Each structure stands twice: as C-alpha cells, then as structure tokens.
Engineer: 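A single structure is presented below for examination.
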Amino acid sequence: MVEACCLLTAFVFIFSGFTKAVDPQGGAIKIGEYLNTFGLSISDDGVLLQLLSVLESTFEFVLGVHLLLGLRRKIASVLSFVMMLFMTVLTLYIYVTGKISDCGCFGEALHLSNRDTFLKNILLLAFTTVTLFFPDRIVSVLNKGPHRGVQLYSLLFVLLVSLWSYHYLPLVDYRPYYIGQDIPGAMSIPAGAQAPQYKTTFILEKNGERKEFTLDNYPDSTWKFIDSRTEEVSPGYKPEIYDFAVFSDKDEEVTHDILHQKNYFFWLIFPRVETTDNGEIDAIGDIYDYCRRYNYGICGLTSSSHQAAEAWEHSAGIRFPFYYADETMLKTMIRSNPGVMLVKNGKILNKWGKNALPDEDSLTSALGKLSLTYGNVSHGMTSTIKWLLLFFIPLIFRIFAGRISVSLRNRRKKRANNIIGKQDLIKNNNTMRKKIVAGNWKMNMNLQDGVALAKEINEVCKADKPACGVIICTPFIHLASVAAILDQNVVALGAENCADKEKGAYTGEVSAEMVKSTGAQYVILGHSERRQYYNETPEILKNKVALALKNNLKVIFCCGETLEEREAGKQNEVVKAELEGSVFNLSAEEWKNIVLAYEPIWAIGTGKTATADQAEEMLAYIRSIVADKYGKQAAEDTTILYGGSCKPSNAPELFSKPDIDGGLIGGASLKAADFKGIIDAWKK
Ligand code: PGA
C-alpha cells in the first residue's frame with residue numbers, strides 16, 4: 001500500500017516535472033499568471049520567472065526519482081507532502097475563485113479543469129500523507145552506494161532538458177503549433193458539431209451605482225462601461241486550434257490570406273517587438289534577403305502596436321509586412337522572441353528559435369533542395385515516452401548490473417561453501433569460520449525464569465545437535481547459575497557487558513575478570529543500546545575490549561548505523577569508524593578472539609529487518625575492511641553476525657548469504673522455541 005502510493009506519486013512527479021522542464025518559458029508564463037492573481041506583476045520574459053520555472057520542474061522531477069527509487073526516503077516523503085499541501089491549497093484557490101482556467105500542472109501536455117486538478121491533488125495529498133507516516137516502508141531499489149550518482153544523473157538530465165529547451169525550442173512540443181501541423185485543418189469544426197456557448201457579463205456604472213448586465217438586457221448609453229467577463233456556459237466542440245486570428249494594421253482580419261499562401265511563407269514572430277532580442281537582426285536580414293531572392297513570402301507577426309513594429313523595422317533596416325495577433329497566441333506558437341516558422345498552405349514545415357535561426361550559410365539554394373522544409377517532429381505523448389525511456393534505460397541498466405554482480409558474487413561464495421560442506425560449519429579449520437547463533441537477553445528474565453530458559457535451550461540443543469555454535473548472553477546475575485547447568489560444548493555462555501576498568505572503587509560495575517570467573521566465555525561489547533543510553537564512546541569500548549581479551553573472554557563486538565545515517569548513504573563510513581575506534585588497534589593474534597555483529601540500529605527491536613541483500617552487502621563490506629586491516633585470510637576467518645529483528649521466518653534467507661555467519665538475536669532469544677527455530681536455519 002505504502003509502495004503503491006509512493007510509486008503513483010513518483011510517476012506523477014516525474015511526468016509533470018518533465019513536461020514542465022521541456023517548456024521553461026511556458027512555466028514562466030504560468031507562474032506569472034499565478035503571481036498576477038495575487039496582484040504581483042512580473043514579466044514572464046525576465047530572468048526571475050524563467051529561473052523559478054526551471055527550479056520548479058527540476059525539483060519535481062528529481063523528487064519523483066527519489067520516491068521511485070526509494071532514495072533519501074524520509075526527506076523525500078516530507079518534501080512531497082509539503083509540496084502537495086501547497087499545491088492543493090493553491091488549486092483550491094483557483095477552483096474557488098476561477099482566476100486561472102488551467103492550472104498548468106502538466107505544462108501544456110495535459111490540460112485539466114480546475115475541478116479535476118483539485119481532485120487529483122487531494123488524491124496525491126492522501127498518497128503523500130501515507131508515505132509521510134511510513135517512509136521506511138518505501139522500497140529502496142538501490143542497495144549499494146550509487147545514490148549520489150543517480151541523484152546527480154537525474155539532476156543533470158532534467159537541467160539539460162530545461163536548458164536545451166530554453167536555448168533552442170521545447171524539446172517536446174505539446175502545443176497545437178508543432179512542426180507538421182496543418183493549421184486550417186486543426187481549426188476546422190466538423191459539420192453538425194456544436195460550437196461552445198459563451199456568456200458575457202458587462203459591469204456598468206451610473207451615478208455611482210455598479211450593476212451587471214448581459215447582452216439581453218444591455219442598458220442605454222447613460223451607463224458607463226467598467227469591465228466585462230466571458231464564461232463558457234456549454235463546452236461544445238472545441239477544435240485543436242481555436243484562437244488563431246491575424247489582423248492587418250487597419251484592423252482587417254487577414255487570417256484566411258496568410259493561411260492559404262501556396263508558396264513557402266516565413267513568419268517572423270515577435271510576441272512583443274519592444275522586448276525582441278535584437279542580436280538576431282543579422283540572421284533575420286539573411287532570411288529576408290533569401291525570401292526576396294527566391295520569391296518566398298515573409299511577414300512579421302506581433303502583438304505590439306503598429307508604431308512599435310515600424311520603429312523596429314526602422315532600427316533593423318528591413319521592411320516586410322507586419323500583421324497583428326494576440327500575444328498569448330504568438331507565445332503559444334513559438335517560445336522565442338523572435339522565432340521563425342516556415343509555413344506552406346497553412347502547414348507548419350519548420351520552426352526555429354532565436355538561437356538557431358537559419359542564416360546565409362544554410363540558406364544556400366531553393367527550399368525544395370534544402371532539408372529545411374521539414375523539421376524534426378517531436379511532439380505529444382510518444383515523444384515524451386521516448387525521452388523518459390531514454391532517461392530510464394541507463395538507470396534500469398545500473399540497477400540490474402548491480403543486482404547481477406551481487407548475485408554472481410553470492411553464487412560464487414555459496415559454491416565455495418558447499419564444497420567445504422556443512423559438517424565443517426562449526427569448527428574453523430584453515431579457512432572456514434565459525435557459524436554462530438547468539439542470544440542477547442538484554443534486561444529481561446529474573447534469576448529463576450532465566451535459569452529455566454537456559455535449561456530448556458540446553459536440553460533442546462543437546463537433543464538435536466545444532467549445525468552452528470550457540471551462545472546465550474545473559475545479565476550478570478544469571479551467569480554463575482546458568483554456567484552451572486549449561487553444557488558449554490553445546491551452548492556457550494556470555495555476558496552482555498563488562499567494565500572499562502580493571503578493578504577498584506567503581507560501585508555497581510562488573511569487571512571482565514569477574515565475568516570470566518563465572519564460567520562465561522564471551523562478552524558482548526559495543527551494543528548500540530549501550531552506546532546510546534550509557535554513552536559508551538569508542539575510547540571506553542576500546543578499554544573494555546582490551547580488558548575482556550586480557551581475561552580470555554571472546555568479544556562479540558557490535559557495530560551499525562542509524563536510519564538517518566543509512567538514508568544519508570553513510571552506513572559504510574559509520575561502521576568503519578566504529579571498528580577503527582575500538583577494535584582495529586588489536587594485534588592479528590588478538591583479532592582471532594573477535595566476533596563481529598552488524599546491527600543496523602533501525603532494525604533492532606523494531607520488527608524491521610534489513611533485507612538479506614542489505615545485510616549481505618554490509619557484511620561483505622565489513623569483511624573487506626577487515627581484509628584491508630588484517631589480510632584476506634584473517635577476514636575469511638572472521639565470524640560476522642547479523643542482528644536486528646532476526647526471527648525463525650527470516651533467518652534462513654539471511655543465513656543463506658555468503659558473508660552472514662549467523663545472528664545476534666534479541667527478542668527471539670527469549671523463547672526457546674523461537675531461538676531453536678533460528679538455530680535450525682543452519683540446517684536448511
Ligand atoms: P532484536 O535485537 O533481535 O530484538 O532486534 C537484536 C540485538 O539488539 O542484539
């Protein structure tokens with residue numbers, strides 16, 4: 001359930017991030033519209049809104065990738081919840097006020113009504129609420145450490161898409177003016193189709209009184225016009241292009257004329273000539289000369305005034321007819337100022353943004369002989385899927401390559417284990433290390449219950465010989481009594497702690513020597529609960545380890561990272577620091593008495609086990625750093641246990657991993673049957 005919510009949110013974020021990234025100018029226009037509803041008027045041609053647009057799409061896309069792959073789960077789920085909360089409030093606002101008719105959630109790729117957008121956001125808000133509460137149930141697809149690489153890859157991908165689209169033209173054109181579009185065809189309404197019905201309301205004023213009228217009851221001229229608004233009352237058939245209208249400088253409609261030119265026709269589009277990038281005048285001059293040479297049509301289209309267009313022509317020293325159209329329509333046609341479209345008979349043959357205008361080097365002969373007459377068609381959903389696949393393929397490849405290499409390594413190691421045979425599991429000869437299941441009772445059991453439990457474990461293990469070493473580590477008060485009843489050839493005894501001082505005035509402490517004198521052979525040191533609740537530092541633990549070894553106790557030394565550290569990808573460095581701080585100072589001889597236990601803190605007593613692959617990965621890493629320190633053979637001989645919510649149900653899978661030599665068991669060691677169930681995992 002959590003995973004389903006997470007995946008759905010992830011796909012929506014990736015899709016909507018991408019559709020906005022391909023059209024940063026479109027995003028800027030939309031942000032400008034939103035700000036306008038709050039009375040803030042900022043030009044969408046300016047850097048600020050363009051930058052905001054790129055940041056927004058990048059954030060959404062990268063967040064989607066994090067959710068999809070289960071990277072930085074906690075922070076990703078908090079951020080998606082906050083984002084959806086914000087979006088839901090915003091879309092509720094536009095739904096209620098009707099100030100914006102299209103939310104722009106999916107750029108120009110998909111248009112939703114305000115109601116549908118609001119409902120979609122409510123749903124996503126519910127999904128992100130679920131992931132907010134259970135971030136650690138999000139499946140982490142990448143076990144190994146390529147998180148940074150993947151984060152960087154998705155960031156670079158989406159930024160490159162944005163920058164390319166900003167510099168040239170949108171990588172995927174979702175607007176109806178894409179290359180290959182037949183504009184008159186897209187404007188036509190099929191015979192018999194119903195046209196949309198609109199209602200216009202006029203706000204007029206007379207003697208300080210304001211009233212609303214419609215065309216039906218429009219009053220006499222004593223009322224002064226203040227404002228008007230037009231609403232669609234019945235949708236009707238809306239053609240793909242419904243707003244294309246072009247006028248001459250005398251306000252005569254010339255739409256039909258410019259759409260039905262039989263010859264090639266260059267439309268130079270300047271949404272506003274006042275803000276046109278004049279760095280491109282030379283290239284425009286080249287197009288102009290070319291059209292004159294080959295007798296092709298050329299015209300300017302702008303929303304600016306006739307005077308402004310003339311002023312531009314004057315400063316550019318070029319003259320061609322200018323026509324006038326709505327600014328939004330021109331910006332929809334091409335995301336560039338200036339931009340150029342090559343059209344024939346109303347069909348768009350090519351489009352160029354200001355940074356890639358054709359110049360005299362490419363305009364070398366008649367258009368029929370040039371490849372300019374058909375630009376690359378990249379529009380709609382098929383192109384979107386193509387680009388997203390292009391993004392995902394290397395990712396999928398990386399995930400599978402990682403998995404295959406882990407499973408090959410596991411298989412190789414398993415084969416090596418099988419050759420040696422399970423009868424050798426218990427005792428370490430030359431290369432095989434000891435397999436161990438150790439119980440850690442923690443602060444549980446009074447003396448009588450503890451002795452009874454130890455007796456039961458002793459009996460079941462004697463009756464059915466374990467295929468591994470078994471140890472029970474008990475509170476100090478049990479040690480002597482339990483030692484008296486255990487057959488330590490079958491079940492060995494250990495303590496859960498010892499003092500960091502040899503002896504003396506340390507009230508309440510129990511020294512390593514005292515532990516040893518009870519008959520115990522092992523001691524657990526460095527358990528995360530002692531590090532956390534009793535402030536045991538690496539230095540204190542180093543002293544404890546030294547004293548335990550001095551008193552001929554074997555040490556089960558624990559290490560492991562917190563959830564935050566794992567989510568930050570720091571588990572390796574944390575574990576390495578713990579080992580370096582307390583046990584890597586030992587001599588090679590001393591090292592032989594160390595058993596390591598990797599216990600991710602987030603898995604201890606929580607019911608959340610690390611997956612077998614996660615545990616194997618860490619244990620393999622720990623073995624590799626032991627090899628760096630003490631050599632390959634010593635690493636091969638070191639017993640490394642996994643601890644943290646290990647149960648009879650998951651022990652077989654965990655123990656099947658080549659680097660996992662058994663478990664350190666907390667909760668499940670308090671019941672003889674459960675503990676035996678885990679011990680028996682070595683027989684499977
Ligand atoms: P757990 O404890 O099995 O109850 O998670 C393991 C441990 O702390 O050693």
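This is a predicted model, so every value here is computed, not measured. Counting convention: from 1, in listed order, for ligands and their atoms alike.
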Engineer: Looking at Lys442 and Glu529, does any basic side-chain N land under 4.0 Å from a carboxylate oxygen?
Structural biologist: yes

Engineer: Can you name the atoms of ligand 1, numbered from 1 with element, that are less than 4.0 Å from a heavy atom of Leu664?
Structural biologist: 6 (C), 9 (O)

Engineer: Under a 4.0 Å threshold between the charged nitrogen and the carboxylate oxygen, would Lys20 count as salt-bridged to Glu60?
Structural biologist: yes

Engineer: For atom 3 (O) of ligand 1, what's the nearest protein heavy atom and its distance?
Structural biologist: Gly666 N, 2.9 Å

Engineer: Hydrogens and angles aside, do Thr91 and Asn121 bring a side-chain donor and acceptor to less than 3.5 Å of each other?
Structural biologist: yes

Engineer: Among side-chain atoms of Asn543 and Glu539, is any donor-acceptor pair under 3.5 angstrom?
Structural biologist: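 Absent: no donor and acceptor within the cut-off.
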
Engineer: Can you tell me if Ala668 has a non-hydrogen atom under 4.0 Å from ligand 1?
Structural biologist: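 Contact check Ala668 vs ligand 1: negative.
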
Engineer: Nearest protein heavy-atom contact for atom 4 (O) of ligand 1: which residue, which atom, what distance?
Structural biologist: Gly667 N, 2.8 Å

Engineer: With backbone taken as N, CA, C and O and side chain as the heavy atoms from C-beta onward, which portion of Asn440 lies under 4.0 Å from ligand 1: side chain, backbone, both, or neither?
Structural biologist: side chain

Engineer: Taking Asp659 first and then Arg623, would you say they form a salt bridge - that is, a charged N and a carboxylate O separated by under 4.0 Å?
Structural biologist: yes

Engineer: Does ligand 1 have any atom sitting under 4.0 Å from a heavy atom of His527?
Structural biologist: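 The answer is yes: ligand 1 sits under 4.0 Å from a heavy atom of His527.
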
Engineer: Does any pair with a residue in residues 67-92 pass salt bridge (charged side-chain N to carboxylate O under 4.0 Å, His left out), and if so which ones, sequence neighbours excluded?
Structural biologist: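 Salt bridge (charged side-chain N to carboxylate O under 4.0 Å, His left out) check on residues 67-92 returns Arg73-Glu567, Lys74-Glu564.
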
Engineer: Filter on side-chain hydrogen bond (donor to acceptor under 3.5 Å, both in side chains), then keep only pairs touching residues 544-562, sequence neighbours left out; what's left?
Structural biologist: Asn497-Lys544, Glu502-Lys550, Glu536-Lys544, Glu561-Arg566, Glu561-Tyr598, Glu561-Trp602, Thr562-Glu565

Engineer: Which ligand 1 atoms, with their elements, are less than 4.0 angstrom from a heavy-atom of Glu599?
Structural biologist: 6 (C), 7 (C), 8 (O), 9 (O)

Engineer: Does ligand 1 have any atom that is closer than 4.0 Å to a heavy atom of Gly644?
Structural biologist: yes

Engineer: Under 4.0 Å from any heavy atom of Ala603, which atoms of ligand 1 are there?
Structural biologist: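 In order of numbering, the contacting atoms are 5 (O).
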
